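Reading through the structure tokens given below for one structure.
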Amino acid sequence: MSVSGFAAPWWFLLVVVVAALVVGYVLALRSRRKRTLRFTNLELLERVAPRGQGRARHVPAALLVVSLLLLTFALAGPTAEQKVPRNRATVMLVVDVSLSMKSTDVEPSRLRAAQDAARSFAEGLTPGVNLGLISFAGTATVLVAPTTERGGVTHAIENLKLAQSTATGEGIFAALQSIESFSAVVGGAEGPPPSRIVLMTDGKQTVPQDEYAPRGAFTAAGMAKQKDIPVSTISFGTSYGSVEIEGKQVPVEVDDTSMREIARLSGGDFYKAATAEELKRVYDSLGEQIGYETKEVDNSRPWVALGTIALVGAAASSLLIGQRLP
């Protein structure tokens with residue numbers, strides 16, 4: 001029964017008609033009372049007149065007025081906010097596959113947890129969203145172009161391979177290029193579909209080391225802002241992670257600061273996940289944001305139903321109380 005607006009508010013002019021009916025009903029009752037008082041033989045009137053129903057006699061009229069008001073609300077086209085699945089959108093999932101993803105600070109490993117959460121995200125995304133997949137380490141690779149088919153995406157997620165270095169900027173640039181290519185094909189009269197990049201990484205960019213370099217992550221984030229493609233970043237892992245490289249334990253601490261800055265520069269959101277469960281919750285939240293949009297939808301059905309029930313009640317009570325329809 002919630003109402004956030006009306007599609008045709010001019011129908012509320014019918015309230016004036018309903019008010020006129022109420023006034024007419026009251027005047028009719030007063031006129032009837034005056035005619036009764038003019039009856040000279042009141043004792044005879046009491047014998048021949050039907051026994052009064054008291055206030056109950058007003059129930060049919062009251063229900064009729066309520067019904068008319070409810071149906072007037074329905075005609076005015078009440079609307080309500082409702083979450084509906086998107087029928088067009090593009091999402092590029094960009095996953096870090098650098099060697100730091102071998103760390104077991106997140107059980108069973110960062111990579112395995114990331115694969116499970118990403119697969120769940122892909123499978124749960126609404127059918128109208130085109131999803132693509134990019135992996136990046138020293139370079140970025142488009143594994144799956146945007147598509148509504150989830151089988152290829154989930155298969156590619158399961159077959160992610162680790163490599164050296166972390167070129168976060170390359171991952172974002174590859175996602176932007178993939179989105180632009182796809183949008184040029186499916187744009188149509190409505191223009192390109194809304195797009196977003198979901199970037200999941202566990203470490204600091206190493207190639208190039210300067211994030212403001214021409215191919216750096218911050219530069220790529222600024223480009224995404226210009227193209228109105230927000231980057232939602234997920235900083236995944238803990239501060240005590242480490243991996244063995246050439247027989248040495250190398251710390252692989254997450255870089256929350258850079259991920260937060262990428263999100264800010266691009267107009268996206270920053271998320272932190274230190275466990276597999278947290279990562280899954282982040283992906284679930286993103287799935288809700290990306291897969292659904294809030295729209296104003298028609299909400300007249302409850303008003304029509306209640307108005308009809310009140311109208312039936314008016315007819316039934318009139319037959320029971322007065323043996324006639326109002």
Side-chain angles (χ1 to χ4, degrees), residues 83-98 100-137 140-163 168 171-172 174-175 178-179 182 193-203 229-238 241 254 256 259 262-263 268-294:
K83 289 175 63 177
V84 295
R86 292 187 187 273
N87 56 13
R88 59 195 304 265
T90 305
V91 177
M92 290 303 299
L93 183 57
V94 183
V95 181
D96 182 359
V97 291
S98 59
S100 58
M101 292 290 283
K102 290 194 302 182
S103 176
T104 57
D105 57 335
V106 179
E107 295 182 353
S109 70
R110 290 182 181 180
L111 179 63
R112 184 69 260 171
Q115 287 174 309
D116 292 342
R119 185 183 66 252
S120 177
F121 169 75
E123 293 173 346
L125 207 56
T126 51
V129 176
N130 293 282
L131 178 65
L133 178 66
I134 290 175
S135 66
F136 73 94
T141 304
V142 179
L143 300 177
V144 182
T147 176
T148 55
E149 297 295 327
R150 304 293 185 242
V153 177
T154 56
H155 178 75
I157 290 172
E158 286 298 316
N159 288 277
L160 291 174
K161 305 297 183 184
L162 298 177
T168 310
I172 298 174
S178 185
I179 289 173
F182 180 74
S195 305
R196 182 182 297 196
I197 297 170
V198 178
L199 170 67
M200 197 225 71
T201 181
D202 69 337
I229 303 175
V231 181
S232 294
T233 60
I234 306 174
S235 184
F236 181 49
T238 69
V254 293
D256 294 346
M259 293 302 101
I262 291 171
D269 302 309
F270 167 78
Y271 299 90
K272 169 69 176 174
T275 66
E277 292 76 15
E278 289 179 359
L279 182 61
K280 187 178 185 307
R281 284 197 294 269
V282 168
Y283 271 123
D284 288 343
S285 176
L286 284 169
E288 284 289 314
Q289 293 178 30
I290 295 169
Y292 295 86
E293 58 185 329
T294 301

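Starting from 1, each residue takes its place in the sequence as its number. Given the structure is predicted, the values throughout are model-derived calculations rather than measurements.
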[X]: partners by salt bridge (charged side-chain N to carboxylate O under 4.0 Å, His left out), with sequence neighbours left out:
{"X": "E158", "value": "R112, R119"}
{"X": "K280", "value": "D284"}
{"X": "E293", "value": "R86, K295"}

Output the distance between atom [atom1] ([X]) and atom [atom2] ([Y]), rounded to the nearest 0.5 Å.
{"X": "I234", "Y": "D96", "atom1": "CD1", "atom2": "CG", "result": "12.0 Å"}
{"X": "L160", "Y": "T141", "atom1": "CG", "atom2": "OG1", "result": "10.5 Å"}
{"X": "M200", "Y": "T233", "atom1": "CE", "atom2": "OG1", "result": "11.5 Å"}
{"X": "L162", "Y": "K102", "atom1": "CG", "atom2": "NZ", "result": "7.0 Å"}
{"X": "F236", "Y": "D202", "atom1": "CZ", "atom2": "CG", "result": "8.0 Å"}
{"X": "I262", "Y": "F270", "atom1": "CD1", "atom2": "CZ", "result": "10.0 Å"}

Find out whether [X] and [Y] are in side-chain contact, i.e. whether some heavy atom of one side chain is under 4.5 Å from a heavy atom of the other.
{"X": "V254", "Y": "M259", "answer": "no"}
{"X": "H155", "Y": "L143", "answer": "no"}
{"X": "M92", "Y": "I229", "answer": "no"}
{"X": "L133", "Y": "V95", "answer": "yes"}

Minimum heavy-atom distance between [X] and [Y], given as atom pair plus value:
{"X": "A114", "Y": "L279", "result": "CA-CD2, 3.7 Å"}
{"X": "T148", "Y": "P127", "result": "CG2-O, 3.5 Å"}
{"X": "S178", "Y": "V142", "result": "OG-CG1, 4.3 Å"}
{"X": "A122", "Y": "L131", "result": "CB-CD2, 3.6 Å"}
{"X": "V144", "Y": "A156", "result": "CG2-CB, 3.8 Å"}

Residues in side-chain contact (heavy atoms from CB on, under 4.5 Å) contact with [X], at least two apart in sequence or another chain:
{"X": "A140", "value": "I134, F136, E170, A174"}
{"X": "N87", "value": "none"}
{"X": "A163", "value": "A137"}
{"X": "S103", "value": "D105, R110, V243, V252"}

- prompt: With sequence neighbours left out, what residues match F121 under ring pair (Phe, Tyr, Trp, His ring centres under 6.0 Å)?
  reply: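 Listed in chain order: Y283.
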Applied to residues 126-136, the side-chain hydrogen bond (donor to acceptor under 3.5 Å, both in side chains) test, sequence neighbours excluded, yields none
[X]: side-chain hydrogen bond (donor to acceptor under 3.5 Å, both in side chains) partners, not counting sequence neighbours:
{"X": "T168", "result": "none"}
{"X": "Y271", "result": "Q289"}
{"X": "T90", "result": "none"}

Test side-chain contact (heavy atoms from CB on, under 4.5 Å) applied to V198 and I290, step by step
CA-CA 10 Å; V198 178; I290 295 169; 3.9 Å; yes
Self-check item: Atom CD of E123: over 12 foreign heavy atoms under 6.0 Å
Solution: yes
Exercise. Does any N or O in the side chain of S232 come within less than 3.5 Å of the main-chain N or O of P230, such that one atom is a donor and the other an acceptor?
Worked result: no
Tell me, with the steps shown, if I179 and I197 meet side-chain contact (heavy atoms from CB on, under 4.5 Å).
CA-CA 9 Å; I179 289 173; I197 297 170; 3.9 Å; yes
